Amino acid sequence: MIARLESDIQEILLTEKEIAEKVKELGERISEDYKDRELVLVGVLRGAFVFLSDLIRHIKIPVCVDFVAISSYGAYTETSGVVKIVKDLDESIEGRHILIVEDIVDTGLTLDYLLRIIRARKPASVRVCALLDKPAKRRVEVDIHYKGFEIPDKFVVGYGLDFNQKYRNLPFVGVLKPDVYAGK
Ligand code: IMP
Ligand code: MG
């Protein structure tokens, strides 16, 4: 099963070990920075669920976890910029310290949209933690306070990231072979 998945991968960009080390480092930084505050992690579904679940186990302070799901319409491998919330937060965030946990920031449009919605609800503070930053196609400037890796402008899958809802279960981040999505 995994062999069939892996044969669609052109190149491994980040190994399981590299990711694990980085996630630990980020968790430690977050624990230190928020040691006197109560933190709410907001995971962006679906891509961030793997990253978030590893990250929280390296956070050594009390945290709450909530989720939003955002859909963006567009081509298979690109955001159109038209985004909407398909699942809202369950809890109120007013007066609370919010850390948005994202898998990847590409154009920045998704995060920009989410940040506007979150800020309008008057949290005490908002920061962003993103595992991957793909700055080449950035259209809106967004401040990524906790950043895992900067990557080149390639379509990647694995560690939560999908193509057509698949490949999320790969333990590494890899570049998908273009012929997998060509003709889609
Ligand atoms: P943005 O709005 O262009 O910044 O795109 C953000 C969203 O697009 C991410 O949360 C991902 O769901 C998706 N995305 C962007 N680049 C990739 C990629 O290389 N692989 C998988 N999903 C991606
Ligand atoms: Mg996403």
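Nothing here was measured: the structure is a model prediction, and the numbers come from that model.
Considering SG of Cys129 and CG of Leu131, their distance stands at 8.0 Å, rounded to 0.5 Å. Going from atom NZ of Lys84 over to atom OG1 of Thr110 covers 14.0 Å, rounded to the nearest 0.5 Å. With rounding to the nearest 0.5 angstrom, the CZ atom of Phe51 is 10.5 Å from the CG atom of Leu161. For the atom pair CZ (Arg127) and CG (Leu39), the distance works out to 10.0 Å, reported to the nearest 0.5 Å. Here the CD1-NZ distance, from Ile118 to Lys122, works out to 14.0 Å after rounding to the nearest 0.5 Å. Atom OG1 of Thr107 is separated from atom CG of Asp112 by 9.0 Å, given to the nearest 0.5 angstrom.
Contact of the Leu14 side chain with the Phe172 side chain is not registered, since no non-hydrogen atoms from C-beta on lie closer than 4.5 Å. Within the 4.5 Å cutoff, no side-chain heavy atoms of Tyr167 are placed close to those of Asp162.
Using a 4.0 Å cut-off between charged nitrogen and carboxylate oxygen, Asp153 and Lys137 count as a salt-bridge pair. Note on Glu21 versus Lys17: salt bridge recorded, some NZ/NE/NH1/NH2 to OD/OE distance being below 4.0 Å. Taking a cutoff of 4.0 Å between a charged side-chain nitrogen and a carboxylate oxygen, Arg29 and Glu25 do not qualify as a salt bridge. With respect to Glu32 and Lys35, a salt bridge is recorded, a charged nitrogen being found less than 4.0 Å from a carboxylate O.
Among all heavy-atom pairs drawn from Leu13 and Glu18, the shortest one is O-OE1, 4.0 Å. The nearest pair of heavy atoms linking Gln10 to Pro178 is OE1-CD, 3.0 Å. Pairing each heavy atom of Ile70 with each of Val86, the nearest pair is N-CG2, 4.1 Å. Residues Ala124 and Gly95 share a closest heavy-atom pair of CB-O, 3.4 Å. Residues Arg57 and Lys60 share a closest heavy-atom pair of O-NZ, 3.2 Å. Between Val101 and Ala48 the shortest heavy-atom distance is O-CB, 3.3 Å.
With respect to Tyr146, the side-chain contact (heavy atoms from CB on, under 4.5 Å) criterion is satisfied by exactly one of Leu99, Val128, Leu55: Leu99. The side-chain contact (heavy atoms from CB on, under 4.5 Å) test with Ile98 is passed by exactly one of Pro123, Ser125, Cys64: Pro123.
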For this session: Verify side chain to side chain donor-acceptor pair (under 3.5 Å) between Tyr159 and Asn169, making sure each step is shown before the conclusion.
Result: CA-CA 6 Å; Tyr159 199 71; Asn169 52 325; over 6 Å; no

Exercise. Which is it for Lys22 and Asp54 under the salt bridge (charged side-chain N to carboxylate O under 4.0 Å, His left out) test, yes or no, and what are the steps along the way?
Worked result: CA-CA 11 Å; Lys22 185 64 79 176; Asp54 283 345; over 6 Å; no

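Summarising the local packing, NZ of Lys177 is surrounded by more than 12 heavy atoms from other residues, nucleotides or ligands at distances under 6.0 Å. Within 6.0 Å of atom CD in Gln165, more than 12 heavy atoms from other residues, nucleotides or ligands are found, so the atom counts as buried in its surroundings.
Here the side chain of Lys134 pairs a donor or acceptor atom with the backbone of Lys154 at under 3.5 angstrom. The main-chain N or O of Glu91 is found under 3.5 Å from a side-chain atom of Asp66 such that the two form a donor-acceptor pair.
In this pair, Phe155 and Phe163 present their aromatic rings perpendicular. The plane angle is above 60°, beyond the 30 to 60° band.
Applying the salt bridge (charged side-chain N to carboxylate O under 4.0 Å, His left out) criterion to Asp133, with sequence neighbours excluded, gives Arg138, Lys147.
At least one test fails for Lys87 against the ring of Phe67: distance under 6.0 Å to the centre or angle within 45° of the axis.
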